[in-house]
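For reference, the structure is listed below as structure tokens.
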Amino acid sequence: MSVPLPDLPAASGSHGGIPGSPARPVSIAGVGGYAPSRVMTNHELETMVETSDEWITTRTGIRERRIAAPDEASSDLALKASRCALEQAGIHPRDIDLIIVPTATPDMIFPGTACILQDRLGATSAGAFDLSSACTGFIYGAATATGLIASGMYDTVLVAAAECMSRIVDWNDRSTCILFGDGAGAAVFRPGDETSRFLGFELGTDGSGGDLLKIPSSGSRIPPSPESVENGQQYIQMAGGEVFKFAVRIVVDASLAVLEKCGFTPSDVDWFIPHQANIRIIDAAVKRLGFSPERVVTNVDRYGNTSAASIPLALDELRRDGRVQKGDLVLMVGFGAGLSWASALLRW
Ligand code: ACO
């Protein structure tokens with residue numbers, strides 16, 4: 001559903017959250033990223049499965065990815081990214097109202113990874129929950145945070161996407177294990193102003209495509225058992241070609257939809273941050289949308305597909321190297337399992 005945000009005056013003194021407070025502009029006050037130090041190159045993968053650096057590079061654009069240490073889980077990655085984002089925003093953890101952790105790889109099913117993060121940050125005033133929307137999770141989290149702040153219910157929401165994809169890929173399956181990597185990206189959402197604000201979101205789902213990308217034994221349908229493990233059902237299963245076609249189409253459609261709702265065209269976009277799954281998906285969509293390549297933010301070559309973390313990781317790089325300037329129009333588009341997709345338009 002398309003959601004152009006209302007253009008209403010700023011709320012005053014709404015901290016503590018009174019439902020029904022006036023809507024107000026919402027922006028990102030701080031961004032942080034973290035990737036584990038261990039680098040796995042394509043050449044290392046050549047020693048593990050029947051593949052080659054040349055095949056992986058030409059089919060995906062990925063040269064290397066990061067792998068979490070054995071004692072690192074998603075909450076550890078989220079903690080590091082969150083601390084960077086909070087420091088940049090100048091926000092103390094006790095001032096966070098809500099923590100959302102988009103992840104496909106929670107530390108465990110419960111307690112939520114957001115609850116673990118809340119404790120480790122010392123975010124003593126925060127509610128916390130995980131968000132399950134695979135690679136689309138960060139934009140879904142951003143839309144949720146924006147809606148809650150715009151309504152006046154909350155002032156400060158931390159969205160910390162974190163993934164240990166290395167724990168859910170079958171390292172014997174060359175068609176999937178080469179694609180993914182581990183990492184985290186976090187953003188602090190706060191009231192913005194007329195010149196710096198989210199302009200709109202487009203969220204979509206087509207559950208009929210759920211079988212194209214799934215982990216069959218990861219919940220109540222097929223509980224873990226010796227048989228499920230024997231069959232490798234605890235790992236990602238993907239119809240790569242189908243997902244590829246869906247991805248190119250939906251990146252284009254979701255981009256155009258949010259731009260149109262907000263009264264813009266592709267030529268107005270200063271920075272395009274697509275989900276980092278495969279450089280060929282990005283290149284095909286960019287060509288159809290007509291963006292010039294220097295306006296497209298990519299890091300898939302260095303991190304692979306970090307699922308929900310890929311967009312905030314890329315946004316963090318864009319901010320840190322000083323490319324994005326106040327007032328720039330930033331378009332972000334996520335897609336993934338569900339099937340799901342989401343786009344967001346942000347005036348930085
Ligand atoms: N190394 C060498 N050969 C390989 C490898 C590999 N790592 N993987 C597959 N191949 C082989 C296949 O077996 C096949 O061989 P065959 O012709 O003898 O059967 C051949 O290469 C071609 O395989 P395709 O699957 O047709 O290769 P394609 O060019 O489509 O690339 C890929 C596969 C990279 C997986 C692509 O389909 C893709 O990127 N799909 C989208 C995946 C994606 O984005 N997923 C994430 C979504 S986000 C989320 O929510 C998790």
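In listed order, ligands and their atoms are each counted from 1.
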Candidate with minimal heavy-atom separation from atom 27 (O) of ligand 1, of E46, R59, E163: R59
F180: numbered ligand 1 atoms lying under 4.0 Å from its heavy atoms: 51 (C)
Please say whether A134 places an N or O atom under 3.5 Å from an N or O atom belonging to ligand 1. no
Take a 6.0 Å sphere around CZ of R63 and say whether it holds more than 12 heavy atoms from other residues, nucleotides or ligands. no
Charged N to carboxylate O below 4.0 Å: is that the case for R320 and D316? yes
So, does R65 use its side chain to make a donor-acceptor pair with the main chain of M40 at under 3.5 Å? yes
Nearest protein heavy atom under 4.0 Å from atom 37 (O) of ligand 1, yes or no: yes
When T105, D130, T113 are each screened for side-chain hydrogen bond (donor to acceptor under 3.5 Å, both in side chains) with S74, the one that passes is T105
Pairing of D76 and R120 as salt bridge, 4.0 angstrom limit: yes
S175 heavy atom under 4.0 Å from ligand 1: yes
Under 4.0 Å from a heavy atom of H275: give me the atoms of ligand 1 that qualify, with their elements. 48 (S)
Measure from the side-chain N and O atoms of D97 to the backbone N and O of Y154, and report whether any donor-acceptor pair falls under 3.5 Å. no
So which heavy atom in the protein is nearest atom 11 (C) of ligand 1, and how far is it from that ligand atom? R174 NH2, 3.6 Å
Identify the protein heavy atom lying closest to atom 46 (C) of ligand 1, giving its residue, its atom name and the separation to 0.1 Å. N305 ND2, 3.4 Å
For atom 1 (N) of ligand 1, which protein heavy atom lies nearest, and how many Å away is it? T51 OG1, 2.6 Å
Counting heavy atoms only, which of F244, F335, W55 comes nearest to atom 33 (C) of ligand 1? W55
Starting from atom 44 (O) of ligand 1, which protein heavy atom do you reach first, and at what distance in Å? A277 CB, 3.3 Å
Same cluster for F335 and V286 if Ile/Leu/Val/Met/Phe/Trp/Tyr side chains link at under 4.5 Å? yes
Does the protein put any heavy atom within less than 4.0 Å of atom 17 (O) of ligand 1? no
What protein heavy atom is closest to atom 41 (C) of ligand 1, reported as residue, atom name and distance in Å? G240 O, 3.6 Å
Are side-chain N/O atoms of S27 and S196 paired as donor and acceptor at under 3.5 Å? yes
I need the nearest protein heavy-atom contact for atom 45 (N) of ligand 1: residue, atom name and distance, please. M238 SD, 3.1 Å
Nearest-contact summary for atom 49 (C) of ligand 1 - protein heavy atom, Å: C135 SG, 2.4 Å
Sub-4.0 Å heavy-atom approach of R280 to ligand 1: yes
Taking the non-hydrogen atoms of I281, is any one of them nearer than 4.0 angstrom to ligand 1? yes
Give a yes-or-no answer on whether the side chains of D107 and S75 include a donor-acceptor pair shorter than 3.5 Å. yes
I need the contact type for N278 against ligand 1. Using non-hydrogen atoms and a strict under-4.0 Å cut-off, is it side chain, backbone, both or neither? side chain
We want to know whether Y235 and S218 form a side-chain donor-acceptor pair, criterion being a heavy-atom distance below 3.5 angstrom. no
Part of T176 within contact of ligand 1 (heavy atoms, under 4.0 Å): neither
H275 and side-chain hydrogen bond (donor to acceptor under 3.5 Å, both in side chains): which single residue from T136, T306, N305 fits? N305
Does the pair R24/E194 count as a salt bridge with the N-to-O cut at 4.0 Å? no
Lys/Arg-Asp/Glu bridge criterion (N-O < 4.0 Å) met for E44, R38: yes
L213 contact mode with ligand 1 (heavy-atom cut-off under 4.0 Å): side chain
Is there a nitrogen or oxygen of S307 sitting under 3.5 Å from a nitrogen or oxygen of ligand 1? no
Taking non-hydrogen atoms only, is V49 closer than 4.0 angstrom to ligand 1 via side chain, backbone, both or neither? neither
